[in-house]
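Okay, so here's the structure we're looking at.
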Amino acid sequence: MASVDTIRVYNTMSGAKQPLAPLTPGKVKVYVCGPTVYSFVHIGNARTFTSFDVVVRYLRYRGFEVKYVRNYTDVDDKIINAARVVGEWGGAGQTLSVEADGTAKWGDQSFKWTTDGHQLSLISDGTVRAEAPIDVGADTLTLQSAVLKRTSPEIDAISHAARFVREFEQDARALHLLEPDVSPKVSDTIPEIVEIIQRLISREVAYASKGDVYFQVSRYPQYARLSKRKLDDLKAGARVEPQDAKREPLDFALWKAAKPGEPSWDSPWGKGRPGWHIECSAMSNKFLGETFDLHGGGLDLIFPHHENEIAQSEAASGAELCKCWMHGGFLDLEGAKMSKSLGNVVRLRDALARVDAEALRYFFLSTHYRAPLAFTDQSLADAEARLEYFYETLRRANERPAAGGKPSAETEKWLQQLEQTMDDDFNFAGALGALSGLFGEMNQLLDSKDKGKANAALGGLRDSVKKISSVLGLFEDDPAAWLLRRRDRLVQQRGIDVSKIDALITARNDARKAKDFKRADEVRGELKALGIEIMDTPTGTSWKVAADQPAK
RNA sequence: GGCGCCAUAGCCAAGUGGUAAGGCAAGGGUCUGCAAAACCCUCAUUCCCCGGUUCGAAUCCGGGUGGCGCCUCCA
């Protein structure tokens, strides 16, 4: 094992890379902000989770014992709001059907929807088509001046959240995300949350007011040092809702008094539920202690989520929350960050139906985790084509006798390059460069005339690829199976008639046997016109779907 | 308005003081009955523009221009 004190990580707090230097040598404690489970996760979430998945995998590859915690926020305004509108709403002779998956139907029109708890917005083609104010107490919606009453039983927020925890788990498996060591939920952490809030009150940085509890930002002078904001600037933009029981505009809720129909728990301040940020303070403290090594999340969590987390945790414990703050860059869709309020969001599940999971991972790894990444059909198609190259190479390598063996000097060089580049703040794109070198070498060996020598070298190379595979979460499938599955998917997407292809290939091979090459080439042309490429190999003729158009 | 990030070939993208990784596309070649795949070669005297520091800058500093993000829920 190479020296492991060379890993450097960019810390948002300092704005610079720093040595990893774990609190306990050889062990790394990682906390990643997981999904708020109000609906299906989108590909932007998926990118962030994949980034930290690779970070954890790499640290383990480097010999660290990693404790990886990624939470589920299953108690939250967005969940409550979503659960409240999901279901059937009737009136005016029409039915509004609001589905948990984020789609809605009004008559024969289809929409995506969002809600802020006060109104339901129906969106199509990125434009809000209708807004329906919600009358919570009366359980009615007003859509285009028609008053709609709920006609299906309301889903409670907790089971709505539980469903999307399961959906997330399914997506995570499909994306080959490692299971974290602990995946805590807010609903399982209420006592710890209450306890930390009590401590904040006793330290006089928090106060109870009308059943709510607020963190008093002015009592925590170090506030906003992660986002590097000036308190005066924040005050200028702070919102004060009339019903708020806050002392000062910047104060934020640790505990919210229960409103009718909301999930709630008993507390010293009456029935209520945690505010948005406190759960991460409680969960990280419960499973990783007062101070841990790495805290990850998307760029957009810096303010206010992580800022508030720091304030709560550090005010409560008096200790530094974490040594290094890592933030993943956004995934851009059509030149802009995906915006839920406009409904231009691609769900991970939909993306996985179109493109191979490992191709999606490869795409996520094609640039540095902190840089923006544009989600386009072309880049996805490129990723899948590249993955096909890797798998084709591995398939060929698998046909050789499985001879163990030491990695060649050449292989060692590529491995070293991969480690060097990953050591420098997990440079994914750099790692992919080293990967290309490795596969180039493998193909050279596979093409080599000196089979004995090649097979010996191939053994060591294959082991090296396997190691890298575990780091990147790529090439986890059987190569032949992957290639076949991809072909099947393309066949289905393009509506290709396989029996026709088989017949044409047979016809061509008959022609070839008869040395009628003119006819054989004609058949090749016919197949080409169908979007099929054929390969003559020593073991027969195989075919694939030409990748001449982006995967749709 | 406040704060911050980014700008490298036709496209995607590494590189943060020592003379431009890698991928796609393109052109040439090897192999092949012909192809495909694979492999080899070629493909940025130059890193948005203008100044400055330095023996030396894509990399540091100053000033522009262009794009994006956060400041409200967001991965």
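Here the structure is a predicted model, which means the values were calculated and not measured. Reckoned from all heavy atoms, side chains included, excluding hydrogens, waters and symmetry mates. Per chain, numbering begins at 1; letters A, B, ... match sequence-line order.
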**Prompt:** If you check the A:Phe303 side chain, which of B:A75, B:C70, B:C3 turns out closest?
**Reply:** B:C70
**Message:** If only side-chain N and O atoms count, and only distance matters, is there a donor-acceptor pair under 3.5 Å linking A:Ser281 with A:Glu309?
**Reply:** no
**Asked** For B:C5, does OP1 or OP2 lie under 4.0 Å from any side-chain N or O of A:Arg370?
**Response** no
**Asked** What interatomic distance, in whole Å, is found between C1' of B:G23 and the corresponding atom of B:U19?
**Response** 24 Å
**Request:** Give none if B:A58 has no partner; otherwise give the nucleotide forming a Watson-Crick or G-U wobble pair with it, both distances under 3.5 Å.
**Result:** none
**Request:** Would you kindly say whether A:Ser408 and A:Glu441 are connected by a side-chain donor-acceptor distance under 3.5 Å?
**Result:** yes
**Asked** How far does the P atom of B:C49 sit from the matching atom of B:A57, given to the nearest Å?
**Response** 15 Å
**Prompt:** Does any nucleotide pair with B:A13 by Watson-Crick or G-U wobble geometry, both distances under 3.5 Å, and what is it?
**Reply:** none
**Item:** Touch class at under 4.0 angstrom, heavy-atom based, for A:Gly328 against every strand present
**Value:** nothing
**Message:** Is it the case that the base of B:C70 and the side chain of A:Arg229 share a donor-acceptor contact (distance under 3.5 Å, atom types as modelled)?
**Reply:** yes
**Item:** Nearest-Å distance once atom P is located in both B:C73 and B:C68
**Value:** 23 Å
**Asked** Watson-Crick or G-U wobble partner for B:U65, using a 3.5 Å limit on both distances?
**Response** B:A7
**Item:** Worked verdict on A:Tyr391 versus A:Glu358 for side-chain hydrogen bond (donor to acceptor under 3.5 Å, both in side chains)
**Value:** CA-CA 11 Å; A:Tyr391 268 123; A:Glu358 289 192 343; 2.5 Å; yes
**Span that lies between the P atom of B:U54 and that of B:C61, in whole angstrom** = 16 Å
**Derivation and outcome, side-chain hydrogen bond (donor to acceptor under 3.5 Å, both in side chains), residues A:Asp450 and A:Ser448** = CA-CA 5 Å; A:Asp450 188 345; A:Ser448 161; 5.8 Å; no
**Message:** Ignoring hydrogens and geometry beyond distance, is a side-chain donor-acceptor pair present between A:Asp382 and A:Gln378 at under 3.5 Å?
**Reply:** yes
**Asked** If pairing requires Watson-Crick or G-U wobble contacts with both distances under 3.5 Å, which nucleotide is the partner of B:U19?
**Response** none
**Prompt:** Reckon A:Thr367 touches a base, only the sugar-phosphate, or nothing at all at heavy-atom distances under 4.0 Å?
**Reply:** sugar-phosphate
**Message:** What contact category does A:Leu435 fall into here, base, sugar-phosphate, or nothing, at under 4.0 angstrom with non-hydrogen atoms?
**Reply:** nothing
**Prompt:** Can you list the residues that meet the ring-ring contact (aromatic ring centres under 6.0 Å, His included) rule with A:Phe40, with sequence neighbours excluded?
**Reply:** A:Phe164
**Message:** At 4.0 Å (heavy atoms only), tell me whether A:His368 reaches a base, stays on the sugar-phosphate, or touches nothing.
**Reply:** sugar-phosphate
**Asked** For B:A26, which nucleotide is its Watson-Crick or G-U wobble mate, given both distances must be under 3.5 Å?
**Response** B:U42
**Message:** Is any side-chain heavy atom of A:Asp77 closer than 4.5 Å to one of A:Lys256?
**Reply:** yes
**Prompt:** With rounding to whole Å, what would you report as the distance between B:G2 and B:G17 at their P atoms?
**Reply:** 32 Å
**Complete:** Partner of B:A37 under the Watson-Crick or G-U wobble criteria, both distances under 3.5 Å, comes out as none
**Prompt:** Given the C1' atoms of B:A21 and B:A58, what is the spacing between them in whole Å?
**Reply:** 14 Å
**Message:** Each nucleotide in nucleotides 27-38 of chain B should get exactly one letter: B, S or -. Can you fill that in based on protein heavy atoms under 4.0 Å?
**Reply:** ------BBBB-B
**Asked** On a whole-Å scale, what distance lies between the P atoms belonging to B:U59 and B:A20?
**Response** 14 Å
**Item:** Residues in side chain to side chain donor-acceptor pair (under 3.5 Å) contact with A:Asp251, at least two apart in sequence or another chain
**Value:** A:Tyr207
**Item:** Same-atom distance (C1') from B:C31 to B:C48, integer angstrom
**Value:** 44 Å
